[in-house]
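In what follows, residues are counted from 1 in the order of the sequence shown. No hydrogens, no waters, no symmetry mates; every other heavy atom, side chains included, goes into these values. Model, not experiment: these values are computed from the prediction. As the structure lists them, so they are numbered: ligands from 1, and atoms in each ligand from 1.
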Amino acid sequence: MINIAVLVSGGGTNLQALIDAQASGILHSGKISLVVSNTAGAYALERARKAGIATETILKKECGSQAAFEEKLAQVLDSHGIQVIVLAGFMTILTENFTARYPRRILNIHPSLIPSFCGEGFYGLRVHQAALDYGVKVTGATVHFVNEIPDGGEIIAQKAVEILPGDTPEILQRRVMEQAEWILLPQAAETVCASMLGGE
Ligand code: GAR
């Protein structure tokens, strides 16, 4: 099985979807063996502990610089033998120094249909606010490989979600999670791990 690390910053509902997918067998070609948070006390860490998964917290301000943060992150991942990295609500941009070490081995979930409402500054509720401000009638989620361009790596999977009258960013976020993110991310993680086991 492929050794997976999930990187988180907050509530961790996408991490939970991955944990549940592992329990139900949807995710069976990889095993979540580490959860890394870049914020102290993220609820996602609690979810990991409840599932018996090892956790690490790495704070950028304690590392002193982006380069030192990424170096420490790579060290921790190496020490756990991590082969695939899943960014699940990980709210910091990784530079080429880091992403180049793991070509087609880092996945990210983004809560819009890329190339809409993505790139630097588009994260969390801001993405849904932007979609509502623009007035689009359909949004969704995208899983993509991570490279040096924020939200610019190759797309693995996308799913559309309707925007309804009266939607707030919070209501829309929840619908996109339920109808797209929590389904798409575990499926994409399985696809990537399975193809690695198949020698691709
Ligand atoms: C999710 O909606 C995820 O797609 C988004 O943040 C939320 C995290 O929720 N990620 C981004 O905006 C990345 N640019 P979670 O912690 O409950 O999984």
request  = Kindly say whether Ala88 contributes a backbone atom to a donor-acceptor pair with the side chain of Asn14 at under 3.5 angstrom?
outcome  = no

inquiry  = I need the nearest protein heavy-atom contact for atom 3 (C) of ligand 1: residue, atom name and distance, please.
reply    = Glu181 OE1, 3.3 Å

message = At less than 4.0 angstrom from any non-hydrogen atom of Phe122, what atoms of ligand 1 do you find?
response = 14 (N)

query = With only distance considered, is Gln173 within less than 3.5 Å of ligand 1 through an N or O on each side?
reply = no

inquiry  = Strictly distance-based, threshold 3.5 Å: is any side-chain N or O of Glu70 a donor or acceptor partner for the main-chain N or O of Thr95?
reply    = yes

query = If you measure every N/O of Thr13 against every N/O of ligand 1, is any gap under 3.5 Å?
reply = yes

request  = Give the residue and atom name of whichever protein heavy atom lies nearest to atom 13 (C) of ligand 1, and the separation in Å to one decimal.
outcome  = Ile109 O, 4.0 Å

query = Which residue holds the protein heavy atom closest to atom 11 (C) of ligand 1, what is that atom called, and what is the gap in Å?
reply = Pro111 CD, 3.6 Å

ask   = If you take all heavy atoms of Ala54 and His80, which pair is closest and at what distance?
value = CB-CE1, 4.2 Å

ask   = Which part of Phe90 is near ligand 1, with near meaning a heavy atom under 4.0 Å away: side chain, backbone, both or neither?
value = neither

request  = Answer yes or no: is there an ion pair linking Glu62 with Lys72, defined by an N-O contact shorter than 4.0 Å?
outcome  = no

message = Considering non-hydrogen atoms of the protein only, which is the closest contact for atom 9 (O) of ligand 1, and what is the distance?
response = Met177 CE, 3.4 Å

message = Is the ring pair Phe117/Phe122 parallel, tilted or perpendicular, if the boundaries are 30 and 60 degrees?
response = tilted

inquiry  = Regarding Gln158 and Thr142, do their side chains bring together a donor and an acceptor under 3.5 Å, going by distance alone?
reply    = yes

inquiry  = Out of Gly121, Gly12, Ala17, Gly89, who is nearest to atom 16 (O) of ligand 1 when you count heavy atoms only?
reply    = Gly12

task = Before accepting this row, confirm whether a basic side-chain N of the pair Glu46/Arg49 lies closer than 4.0 Å to the acidic partner's carboxylate O.
result = yes

ask   = For ligand 1, which atoms have a heavy atom of His110 less than 4.0 angstrom away?
value = 14 (N)

note = re atom 6 (O) of ligand 1, the protein heavy-atom contact at minimum distance is Met91 CE, 3.2 Å

key: Nearest-option assignment for atom 12 (O) of ligand 1, heavy atoms, candidates Ala141, Gly124, Ala180, Ala42   = Gly124

request  = Among Asn38, Thr92, Thr39, find the residue that satisfies the side chain to side chain donor-acceptor pair (under 3.5 Å) test when tested with Ser9.
outcome  = Asn38

